[in-house]
Amino acid sequence: MSAEDAEKAAFHERLLAFEGVSTGMQEGHDEVNQAMIRHWVDAMGDANPIYTDAAAAAKTVHGGIIAPPTMLQAWVMRGLNPRPTTGGSKQDELMNLLDGAGFTSVVATNCEQEYDRMLHLGDHLRTRSVIDSISEEKHTALGIGHFVTTRVEYETLDGEPVGRQLFRILKFKPGTGKGAPADAKEDDEPKAKRPRPALTLDNKWWFDAAKDHRLMIQRCATCDVLRHPPRPRCDKCGSYEWNALEASGKGTVYSFVVAHYPQVPAFDYPLPIALVELEEGTRLVADLVDVGPADVKVGMAVDVVWQDHDEDLTLPAFTPAGG
Ligand SMILES: [Zn+2]
């Protein structure tokens, strides 16, 4: 067993000491009452008159208004009081132990309830709670943590059992789940290189100019029509003769998309990509930088900026004009 595994086992042993331990008795602040029931059924969208209409409820087998059974937990909830860091219940002690070991996040994962009878207005409940089980360390999608299951017995102040609940939570270390930084590549691992353009005799000159941070536009030498991407022949007149001019780098967003998936390692996402209309009159596709995806607008003015991705590849990108 590695030192790390031994440490985990020792910590789990400390946790297991809490299994089967009573965490005390708690009394509900209020009796089962109409106001809380009304708020609850409003929130749930439950229009059953047995919960709110005394006359209708009186004609049922229950003889009067009952509380929705699944409200059970609401009658003895502890509220928003912060957990004491010392001198609390065994449950508080267990949670503080987990917090201290870095398992500071919590999410409820399961809730199973059993009902012995319906609850009526005026019932006053209390709970007796026992820590039912604590799992060994688990790797979950949310993170590394321990499942803690608590059994809560609900009874009236006279001691009559009315129901019980098994409640399971996951106490986990934040940032240790799938896709978390700790799971991602090491910082010193070099970023993947951008895909290479397919260089040919017809387009290499354009990428060479880009290395010098010059944005070139190919122009037909016969009819003066501009074209991009570079290609051997004019679409307008069919001429193979061409020259080029250097663009100012000013343009507007003619259209754009924001790429989310599939994610290629060399790129950062979400990635806004624009079809930029250059002021000279032709268009090209390029990344948009220094602008949030939600802030990109068709027609917005943009300026070229140069991105030296690596020693062999420099590409133009565009940023909102005027910084
Ligand atoms: Zn032409």
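Side chains included, hydrogens not; waters and symmetry mates left out as well; all remaining heavy atoms used. Ligands are counted one by one from 1 in listed order, and the atoms in each one are counted from 1 as well.
- We find that Lys171 and Asp99 are joined by a salt bridge, their nearest charged nitrogen and carboxylate oxygen being less than 4.0 Å apart.
- Counting only distances under 2.8 Å, and ignoring water, the protein N, O or S atoms around the Zn ion (ligand 1) are Cys220 SG, Cys223 SG, Cys234 SG, Cys237 SG.
- Residue pairs meeting the ring pair (Phe, Tyr, Trp, His ring centres under 6.0 Å) criterion with at least one member in residues 197-237, sequence neighbours excluded, are Trp205-Trp242, Trp206-His228, His213-Trp306.
- A salt bridge links Lys204 with Asp208: at least one charged nitrogen is closer than 4.0 Å to a carboxylate oxygen.
- Taking the ring pair (Phe, Tyr, Trp, His ring centres under 6.0 Å) definition, one finds that Phe167 meets it with nothing, sequence neighbours left out.
- In summary, the aromatic rings of Phe11 and His146 are positioned with their centroids under 6.0 Å apart.
- With sequence neighbours left out, the side chain to side chain donor-acceptor pair (under 3.5 Å) criterion links Lys236 to no other residue.
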